[in-house]
Amino acid sequence: MTVRSDLQQSAFAALQEMRGEGGVDSTAPRSISASRIVAYARRENTVSDLTIERALKEQPGLRRLYLSALSRSAIASSPLAAAASEAKLTERFVGEYQIEIFEEEEGPPWLVVRIPEDAVEVSTMELRRPDGTGQRLNLGQPVDGVLQLPLDPDFEELVDVLELLNDPMTAIHLI
Amino acid sequence: MRVCVIIPTTDGPAAIMRLVRLHKAPLSVMRTQDDYRALPPSPRYHEFTQPGGPLRKFLTLPDDRFELRVAARIESGRSWELPVALAHWLEAEGHELVSEDPDLVVWATGALDNDLKIIPQNYHLEQKLSGSMESLAEYQEQGSGILLLPPELIEPPSHFDSDSVSLQVVQGLTQAIGVIAEAFVVVEPDGRIDAAPKVHGKSVKRTNWLWVSLTAVALVLGGALAVPRLINLSPAQPADESGFGALPITENDPAPDNGGAEQETAILSTPAPLLEEDIDDGEPGAETLDQREAVSLVALESPPLRSTVPRLVLDYAPEGASCPDVLFGTTAPRTEYRTATDDGYGRVSPLELCAVGVQHSADADHTLELLPPDELERHVLSADWQGGRALEPGGVAMFRLRAAVPVDFAGHWTFEGSSNGSMDVSFELFSAQ
Amino acid sequence: MEGMPQFEQSQERLVGDLVVIAEAHRLSAGERDKLRRSIVGAISGNRDRPVFLLARAVLEAKSDDLFNLILPDETPLQRSDAAFLDFLLTAATADKDDFDRIVNAFDTASLTRDPVRHLCSSFASVLHAYRREVLPETRHHNVFSAIRRYYAQYRPEDPHPRNGDAVDFWSSIATRDLLTRYTTALNGLSDYAEAARLAESWRHPVALDDERTLDLPSESADDALSDDPMSSPTLKADINIISECAIKLLLANECKTLTPIAEHADVVARWPYDTLAALAVGPVQNSITEALRRQERTLDIDQQMQKVPKYEQIIQQHRQLAERIDDCLYLIHLSGCAHNEMAAARSNVTIDRLKRIDAMTRRKGYAGFDAGTRMNILKQKIEPLLHLKAMLARYVKAWDGFENERLMSLEVEHSLLFTEKMGTLYPSCDAGVAP
């Protein structure tokens with residue numbers, strides 16, 4: 001048997017393979033620092049960073065960090081809907097905050113977040129599925145303990161929100 | 001009618017695009033077409049329109065919330081309150097709020113106090129008006145009538161085509177509604193082209209109405225319902241028996257003596273004289289009587305004894321005051337009584353009319369069951385409508401008006417339980433005699 | 001340092017990670033270099049000292065939010081510390097356990113007796129995992145190059161490693177900068193052979209349903225998928241279990257002797273000559289480098305080499321250890337645990353064995369438990385003992401294949417070669433710090 005240079009290449013890779021016990025993403029490129037992920041999870045706006053969003057979908061490790069940082073800074077979180085069999089979300093509790101979706105006779109469906117008395121005010125909602133896809137939504141300022149938004153499909157950023165909200169696997173974080 | 005209500009801002013006009021009733025939503029919201037998030041004034045809008053809020057004192061709205069969409073952002077301030085209140089009134093009256101191709105454009109501004117009167121402050125009127133000019137000119141080109149309702153006198157740019165623009169200084173919501181209601185009357189008979197009254201005028205006194213009709217109005221008066229042009233300059237002057245407190249003035253009328261009222265710069269066109277006096281029956285033309293008969297009185301099947309018929313009670317706002325002042329008891333009303341004749345109660349001026357009711361004769365020996373005109377229901381405070389209807393001898397039943405009653409209003413008061421059985425007494429507003 | 005000059009070019013991953021962290025924290029060139037040295041362990045003295053200092057700084061910050069500490073604009077830490085922590089958390093995301101460990105260690109540090117040590121160990125664990133994953137590439141890159149060079153020069157017609165090559169390879173290639181230790185050279189050659197074998201197997205894929213080519217042990221598929229019981233870490237864990245047992249089964253020095261044997265269990269069957277050399281010379285070379293690190297000026301290489309044990313002695317030791325393991329298993333059998341392996345042990349019970357077992361039962365611990373407890377304790381030791389038995393069987397089998405003459409000549413050959421090479425590697429005793 002002769003060991004040619006291309007064989008060396010394969011051997012080299014094989015060795016890496018043998019030692020790669022750290023999981024699927026141990027060899028994935030990591031071009032995003034933990035601090036950037038944390039800063040993104042704790043940003044005060046709802047702007048999406050496509051690079052990070054893609055990384056969250058592709059790299060479970062970064063997703064873990066992101067969700068960990070997010071849930072530690074979120075005011076309330078709900079990992080998934082209690083009644084997973086519900087076809088459509090009409091009501092869901094995230095901590096003590098009540099979330100409702102309803103339709104009016106005319107116009108788009110509405111999202112309402114009720115903030116109980118003495119509870120901390122929230123202004124942003126983050127929706128995230130276990131596969132890393134998700135979105136953040138600015139809820140505006142509460143009036144009489146109520147945050148209310150039309151889920152108007154004319155707005156690009158709202159198209160997925162309704163779908164995410166109706167998915168029982170979607171985690172809801174209030175920030 | 002298609003009405004465009006413009007909220008002028010210092011950055012330009014923001015037309016109200018639509019007003020949607022919400023049945024489940026806990027909040028009323030104000031937003032633009034370009035953003036799903038509520039505008040900064042939205043919390044105040046919710047407060048303003050919610051049950052117990054200022055607007056509900058005046059308008060009986062279903063217990064709903066609203067989504068108000070405007071064409072441009074409103075960042076701050078409260079001067080949107082008057083135009084928004086007008087939009088709600090228009091919506092409640094069944095008019096269509098549009099931003100394109102309107103019959104009438106209403107340009108109004110002013111923050112409202114709890115009595116729905118405009119809070120005096122600097123509204124940057126000139127800046128707002130000049131910012132709106134381009135947009136107004138476009139509407140004007142399309143043939144829309146334009147009604148400017150500033151809280152104080154301003155002079156629009158000279159190039160403004162005065163023929164389809166009218167300007168009226170208003171002090172509060174009731175007054176603004178009265179002006180709009182009147183504009184409709186002028187507009188409706190002649191349709192689209194004459195959408196707005198062709199008016200010239202000047203304000204004699206800032207607190208007073210300025211609403212002068214031109215020839216076109218005279219023509220309208222000559223036909224159809226002969227709508228009066230109202231100038232309530234001297235409320236102290238006794239109202240006519242017929243209830244008319246104002247009159248139309250043509251360009252050719254001489255300037256009135258206003259008892260030292262301050263003269264201000266004429267706007268828009270030739271100064272027009274203002275007078276308060278009865279409409280002369282003869283002027284509109286001979287066919288007026290036929291017209292009136294066609295629309296007015298309903299013959300009574302069994303004419304009751306007039307003396308036993310309760311008399312009509314009319315509460316008007318006195319000079320310098322408005323209906324909210326009267327309704328909330330800060331000012332005593334100027335009360336008029338009307339005895340029923342064979343023609344019913346006759347016609348009554350709705351200008352500054354705050355409440356209408358009936359009083360049973362003190363001499364009567366029986367209680368009457370009162371049935372007010374059904375048509376009145378949507379114009380009176382619901383609390384009054386739902387109140388008791390038994391009329392004791394000497395008793396009064398008053399219905400406070402929550403908005404100006406349309407001028408083409410007509411209905412019957414019915415009294416049951418009299419010795420002659422049921423009595424129907426007709427009641428009309430704004431018909432010529 | 002091994003391979004350091006080639007470091008920047010060859011380690012794209014490390015360079016990439018470094019750049020990302022350095023940019024995020026706006027590190028100066030000096031800070032960036034310090035971070036790099038902390039990561040690869042290019043530190044004189046204790047390689048993990050930076051980790052210890054970081055753990056201390058993190059605890060001194062008294063923050064209850066680990067993630068806040070890595071945010072460049074919010075951290076109360078010094079810039080270089082925040083960057084190092086950021087790096088560790090970034091590295092930890094590769095592995096769920098690492099990530100959980102580091103987060104958990106931070107959260108619970110204040111509850112432990114030695115918070116700095118507690119946190120430090122989680123940091124070190126992540127850093128070591130990163131080094132294992134990223135840095136061997138450097139080492140192997142250089143080692144593999146060296147191996148290729150060696151075969152090209154000395155045996156171009158047959159460049160595949162075989163029994164006996166390691167000693168020659170080491171003696172011709174080792175320098176003070178590369179492959180200084182013989183055991184490192186042996187392991188490198190073993191990895192190389194394994195990688196080449198794997199690569200070859202990819203060229204000739206076998207049908208997965210062909211049992212002959214797969215050559216699977218017949219017992220169970222689970223065994224094939226579980227950890228290799230002959231791997232060095234598994235065996236060392238087994239040795240630990242036995243040495244820490246409440247009932248003393250093996251003596252301390254017996255356990256100590258087993259440890260280096262565990263190092264080469266995967267090689268001995270293939271390369272018995274080289275393994276024997278490693279067992280004989282390895283510990284001696286270790287003590288030489290240790291002495292150099294302590295900068296002992298009185299080190300005599302020849303004198304040190306005298307400590308290399310006789311090969312016959314090593315082989316005898318392995319046979320004795322195999323006997324001891326059988327003693328343990330028989331003792332467990334006598335204590336009431338049924339196991340078919342121990343039934344086999346019973347078949348060659350000798351008087352000597354019974355005497356030894358009698359001595360074991362009198363040792364501290366054994367008599368102190370009632371029969372039930374004792375049985376429970378001993379039951380847990382059966383599996384580790386069986387692993388060690390199999391390991392020693394592998395060695396004994398390899399040595400049984402030796403002709404006595406061959407063993408003698410090999411020993412002489414190795415002795416000359418090692419003494420000479422050690423003399424050139426460590427010419428003077430004050431050479432400073434060895435790798």
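Chain naming here is simple, since letters A, B, ... match the order of the sequence lines and numbering starts at 1 in each.
Within the 4.5 angstrom heavy-atom criterion, no atom of E47(B) approaches chain A. With a 4.5 Å cut-off on non-hydrogen atoms, L151(A) does not touch chain B at all. Proximity to chain B involves both the backbone and the side chain of V146(A), based on heavy atoms less than 4.5 angstrom apart. For R69(B), the part lying under 4.5 angstrom from a heavy atom of chain A is the side chain only.
Within residues 121-145 of chain A, the residues approaching chain B closer than 4.5 Å by heavy atoms are, in numerical order, L137(A), N138(A), V143(A), D144(A). Contacts between residues 37-50 of chain A and chain B, counted as heavy-atom pairs separated by less than 4.5 Å, involve no residue at all.
The two atoms that bring R78(B) and L112(B) nearest to each other are NH2-O, 2.9 Å, heavy atoms only.
Ring centers of H88(B) and F66(B): under 6.0 Å apart, within the cut-off.
Side-chain atoms of T109(B) and K128(B) include a donor-acceptor pair closer than 3.5 Å. Inspection of the R92(A) and S78(A) side chains reveals an N or O donor paired with an N or O acceptor under 3.5 Å. A donor atom on one side chain and an acceptor atom on the other are found under 3.5 Å apart for H173(A) and S77(A).
Evaluated for a salt bridge (Lys or Arg N to Asp or Glu O under 4.0 Å) with E67(B), the options K24(B), R18(B), R31(B) yield exactly one hit, R31(B).
Around the CD atom of E100(B), the shell of radius 6.0 Å holds no more than 12 heavy atoms that belong to other residues, nucleotides or ligands.
The aromatic rings of W80(B) and Y45(B) lie perpendicular to each other, with more than 60° between the two planes, well past the 30° mark. Using the six-membered ring where Trp is involved, H95(B) and W89(B) have ring planes that are tilted, between 30° and 60° apart.
Ion pair E91(B)/R21(B) flagged as a salt bridge, since at least one NZ, NE, NH1 or NH2 atom sits closer than 4.0 Å to an Asp/Glu carboxylate oxygen. Taking a cutoff of 4.0 Å between a charged side-chain nitrogen and a carboxylate oxygen, R73(B) and D35(B) qualify as a salt bridge.
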